[in-house]
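One structure is given here, and the rest of the page talks about it.
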Protein chains: 2
Amino acid sequence: MNYKIKGTYDLLPEDSIKWEYVQNKLKEIFKKYNYKEIRTPIMEYSEVFHREGEFSDMVQKETYNFVDKGNRNITLRPEATAGIMRSVIETKNYAQNDILKYFYIGPNYRYERPQKGRFREFYQFGVEVIGLKSPYVDAEVIMLASDIITEFGLDGVLIKLNSLGDNQSRLKYQKVLKEYFESHKEGLCNDCQTRLDNNPLRILDCKIDGPKEVVKNAPKSIDYLTDSSKVHFETVLKVLDENKINYEIDHNLVRGIDYYSETVFEIHANIKDFGNANTLGGGGAYDNLSTDLGGPELTGIGFSFGMERFVEALEVSGAMPNLEYALDAYIITFDEEYNTFASKVLKDLRDHKVIAEMDYDNKSVKSKMKKAIKANPKYLIFIGEDEVKNNLVSVKDTNTQEQKPMKVKELIKLLGGK
Amino acid sequence: MNYKIKGTYDLLPEDSIKWEYVQNKLKEIFKKYNYKEIRTPIMEYSEVFHREGEFSDMVQKETYNFVDKGNRNITLRPEATAGIMRSVIETKNYAQNDILKYFYIGPNYRYERPQKGRFREFYQFGVEVIGLKSPYVDAEVIMLASDIITEFGLDGVLIKLNSLGDNQSRLKYQKVLKEYFESHKEGLCNDCQTRLDNNPLRILDCKIDGPKEVVKNAPKSIDYLTDSSKVHFETVLKVLDENKINYEIDHNLVRGIDYYSETVFEIHANIKDFGNANTLGGGGAYDNLSTDLGGPELTGIGFSFGMERFVEALEVSGAMPNLEYALDAYIITFDEEYNTFASKVLKDLRDHKVIAEMDYDNKSVKSKMKKAIKANPKYLIFIGEDEVKNNLVSVKDTNTQEQKPMKVKELIKLLGGK
């Protein structure tokens with residue numbers, strides 16, 4: 001069996017160097033905002049995701065579920081937030097009298113139809129801030145999301161946002177929305193007719209019904225906010241205004257997972273030919289996730305980006321820098337009998353932090369030279385009879401093409417070894 | 001459901017900072033040796049691991065298997081090597097006329113009894129070199145493993161190694177070994193009596209029978225090597241000798257997975273109170289894995305370390321440096337009405353690469369101070385009525401306790417902002 005599973009991929013060195021760049025830069029950005037890394041398990045009890053009241057397709061239809069040898073119902077996490085909240089509840093870290101600011105980078109699993117940039121085993125990065133309901137926290141999270149776009153050199157950052165309000169607002173709005181759509185039921189797709197009962201909000205971002213007039217004219221959640229939710233949302237907007245964040249309100253924005261409340265948002269950039277895929281990330285606040293998981297009243301807000309799509313966006317837009325693997329020295333021996341001597345030179349170089357390679361293959365020097373040039377080292381190191389006899393190496397600068405013999409010590413110095 | 005699955009763990013910031021240190025340092029070491037990162041999927045077709053002739057407990061008893069919604073038989077990878085070989089075969093990257101030198105860091109899955117430092121969802125790091133059978137390659141891989149131990153500051157590095165030989169050597173040895181143990185069957189445990197048929201080699205490292213005289217006196221694999229396997233192994237030892245690598249030959253070393261051939265090895269360090277857990281990594285060569293997976297004749301050699309145990313070894317032995325999260329500035333406002341002004345100061349600092357935090361909680365200044373001191377920033381930034389009126393911030397050096405007002409620009413300069 002020599003092929004991979006549909007919707008999975010091999011990340012090979014020509015791409016892993018890009019991922020490493022992205023991850024390192026992300027970590028720098030997260031750290032500026034004082035977010036710290038958390039890694040929760042990929043395997044969780046199914047109930048962590050299959051919660052009462054969670055009707056999203058992602059959870060209802062797309063999770064990878066199985067029973068382990070100990071009869072546990074396990075789900076491979078489809079998203080990071082629920083597992084992180086599970087961890088916060090279990091570790092009781094919410095009791096530290098402070099907000100928790102986490103970032104994460106890791107794989108998730110969804111059984112969807114694979115598309116360009118969308119996989120079944122896919123990586124997300126994002127943040128969660130848990131423990132304090134504050135419009136300033138919401139604004140910080142949104143500003144961080146916006147900052148990621150600009151720090152990576154992507155153009156046209158735009159935050160689309162909306163407020164679903166607190167539970168009281170949401171209940172009122174759901175009722176109004178349900179009544180509205182009940183009276184326009186015939187205009188809705190089959191899926192949305194089902195959604196009418198479970199979660200009428202999801203009709204608003206239905207791919208089929210979303211663009212229809214009936215949905216565009218639907219009641220807006222921000223018209224049904226309680227006073228405190230209204231003040232909360234207005235303060236978020238004020239802070240974004242003052243900080244010159246480019247945003248617009250999108251009344252149909254409700255996000256795909258049912259635990260969202262209050263502020264919800266999506267992060268867009270302007271990527272050529274990306275179409276709908278210009279949505280690079282999204283997130284929102286969640287007031288009920290903790291209690292749904294059997295925890296205390298705890299609020300949170302976060303966002304996530306799809307790693308594969310983000311890397312693709314950087315490439316397509318020209319924002320991915322030209323990354324190359326460094327190689328300081330490449331050793332070629334004129335015969336296998338010099339390999340042991342060469343192995344000591346190699347060790348000496350590496351012991352001094354020099355990035356060094358050696359061709360171990362027993363082929364002709366001509367064939368070795370061909371490979372060496374492809375490897376593109378700063379210096380070619382030749383070792384033959386004379387070099388071994390005199391305890392030297394012949395060093396060729398691949399830039400100037402100059403070649404001269406020297407002691408290994410000199411070579412290390414030349415290469416800035418430590 | 002607010003608890004994690006047995007054998008999984010949450011990596012929280014106090015530990016993720018250690019993992020980040022280890023991963024960054026590992027990548028530096030791998031790069032010195034010109035190894036490049038590969039990430040293969042965690043989900044693979046079961047056949048990638050459940051191969052004919054693979055009788056190890058790990059594969060036979062400990063894998064997480066399930067059927068997906070598309071009726072695929074999936075296994076969560078119990079180890080990295082088979083998936084990497086699957087990728088090499090599928091991508092045909094072996095045809096590049098060069099050896100492939102990969103490193104990896106990622107999660108694996110084994111349904112084992114969890115023990116201290118041993119989990120069901122666990123991380124391994126390691127390398128694979130595919131495409132060239134050469135004692136110099138073997139020596140490089142072993143020297144890299146040894147280098148990891150010393151570079152991280154662990155004491156007492158020791159490589160235990162053995163040779164199983166090529167297929168011809170192995171067949172001969174298996175036959176001799178089987179005959180030997182057949183005639184000593186009554187002295188073996190139940191498991192080993194089964195192993196007699198499937199894989200008599202595994203009797204040698206049986207936890208129960210291994211220490212018995214009957215096993216200690218068993219025929220040794222190195223006495224049954226073909227000439228070429230003998231020369232190969234002797235050359236490995238010669239290169240290790242010349243490079244002063246601390247090793248010893250262990251005739252009972254066969255490793256847990258059945259695809260090993262030729263050179264096999266384990267990496268030990270001297271960790272106080274670690275007992276058997278002093279084996280931090282292990283590996284070996286595999287001549288048959290590619291053909292077992294339906295690929296061409298391709299040889300490989302690699303090793304893996306358990307991440308959790310390695311981190312623990314660094315901690316227990318005192319080799320883990322004292323790692324702390326940096327925090328440059330911590331903003332405290334005297335009232336919520338100054339929060340918007342403060343949010344702009346915060347953005348300005350972060351835009352200049354300053355690691356900055358702000359207390360968004362609406363509590364007393366006294367309570368905020370308590371939290372701020374715990375966060376241990378270089379500077380405390382106070383913002384109240386005067387500061388907003390004069391467009392200044394009050395800056396307190398938490399080291400000297402000196403406090404003075406300044407412009408945000410000056411603060412950025414003070415903090416070395418970019």
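Labels below follow one simple rule: chain letters A, B, ... track the order of the sequence lines, proteins then strands, and each chain is numbered from 1.
- In this structure, chain B has no heavy atom under 4.5 Å from any part of Phe119(A).
- There is no contact between Tyr104(B) and chain A, counting heavy-atom distances below 4.5 Å.
- A salt bridge does not link Arg39(A) to Asp15(B): none of the charged nitrogens lies less than 4.0 Å from a carboxylate oxygen.
- The contact between Leu132(A) and chain B is made entirely by side chain atoms (from C-beta outward), counting heavy-atom distances below 4.5 Å.
- Contact count versus chain B (heavy atoms, under 4.5 Å) is highest, among Pro13(A), Pro41(A), Gly106(A), for Pro41(A).
- Contacts between Thr150(A) and chain B at a heavy-atom distance below 4.5 Å are absent for every atom of the residue.
- Contact count versus chain B (heavy atoms, under 4.5 Å) is highest, among Lys374(A), Lys363(A), Glu37(A), Glu28(A), for Glu37(A).
- Between the side chain of Lys69(B) and the backbone N or O of Thr63(A), at least one donor-acceptor pair lies under 3.5 Å.
- Taken to the nearest 0.5 Å, the CZ atom of Phe103(A) stands 6.5 Å off from the OG atom of Ser16(B).
- Between the CZ atom in Phe341(B) and the CD atom in Glu242(A) there is a gap of 10.5 Å [rounded to 0.5 Å].
- In this structure a side-chain-to-backbone donor-acceptor pair under 3.5 Å is present from Glu121(A) to Ile42(B).
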For side chain to side chain contact (heavy atoms under 4.5 Å, CB included), just list the numbers for Leu12(B) and Ile38(A), CA-CA rounded to whole Å, side-chain angles, deciding distance to a tenth of an Å, and then say yes or no.
-> CA-CA 5 Å; Leu12(B) 300 174; Ile38(A) 187 169; 3.7 Å; yes

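- Of the atoms belonging to Leu100(A), not a single heavy atom falls under 4.5 Å from chain B.
- There is no contact between Phe122(A) and chain B, counting heavy-atom distances below 4.5 Å.
- Distance check, rounded to the nearest 0.5 Å: OH of Tyr136(B) to CG of Asp359(A) gives 13.0 Å.
- Atom CD1 of Ile5(B) sits about 7.0 Å away from atom CG of Asp68(A), to the nearest 0.5 Å.
- For chain B, no part of Glu14(A) is nearby; none of its heavy atoms comes within less than 4.5 Å.
- Heavy-atom distances place the side chain of Leu76(A), and not its backbone, under 4.5 Å from chain B.
- Of the possible polar contacts, one joining the Tyr111(B) side chain to the Gly70(A) backbone as a donor-acceptor pair under 3.5 Å is found.
- For chain B, no part of Leu240(A) is nearby; none of its heavy atoms comes within less than 4.5 Å.
- Top candidate by heavy-atom pairs under 4.5 Å with chain B, chosen from Val354(A), Thr91(A), Ile89(A), Asp98(A), is Asp98(A).
- Both the backbone and the side chain of Thr40(B) come within less than 4.5 Å of a heavy atom of chain A.
- The aromatic rings of Tyr45(B) and Tyr3(A) lie perpendicular to each other, with more than 60° between the two planes, well past the 30° mark.
- The candidate with the highest count of non-hydrogen atom pairs below 4.5 Å against chain B, out of Lys238(A), Glu336(A), Lys353(A), Glu140(A), is Glu140(A).
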Before giving the answer on side chain to side chain contact (heavy atoms under 4.5 Å, CB included), spell out for Arg86(B) and Asp10(A) the whole-Å C-alpha distance, their side-chain angles and the decisive distance to 0.1 Å.
-> CA-CA 10 Å; Arg86(B) 191 271 310 140; Asp10(A) 295 320; 2.8 Å; yes

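- Interface remark: Lys133(A) contributes no atoms to any contact with chain B (heavy atom separation under 4.5 Å).
- Between Phe66(B) and Tyr64(A), the angle of the ring planes goes over 60°, which puts this pair in the perpendicular group of the 30/60° scheme.
- For Ser343(A), the parts lying under 4.5 angstrom from a heavy atom of chain B are both the backbone and the side chain.
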Test side chain to side chain contact (heavy atoms under 4.5 Å, CB included) applied to Asp361(A) and Ile99(B), step by step = CA-CA 9 Å; Asp361(A) 211 346; Ile99(B) 55 172; over 6 Å; no

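- Proximity to chain B (any heavy atom under 4.5 Å) is shown, for Lys368(A), by neither the backbone nor the side chain.
- Residue contact with chain B, scored on non-hydrogen atoms closer than 4.5 Å, is absent for Asp348(A).
- Looking only at distances, no side-chain donor or acceptor of Tyr33(A) sits under 3.5 Å from a matching main-chain atom of Arg350(B).
- Highest contact tally toward chain B, considering only Lys27(A), Glu44(A), Lys6(A), Lys32(A), is held by Lys32(A) [criterion: heavy-atom pairs under 4.5 Å].
- Both the backbone and the side chain of Met43(A) come within contact range of chain B, with heavy atoms under 4.5 Å apart.
- Classification of Asp147(A) and Lys347(B) as a salt-bridged pair fails, no side-chain N sitting under 4.0 Å from a carboxylate O.
- Heavy atoms from other residues, nucleotides or ligands lying under 6.0 Å from NZ of Lys370(A) number 12 at most.
- Contact of Tyr9(A) with chain B is made through the backbone alone, with heavy-atom distances under 4.5 Å.
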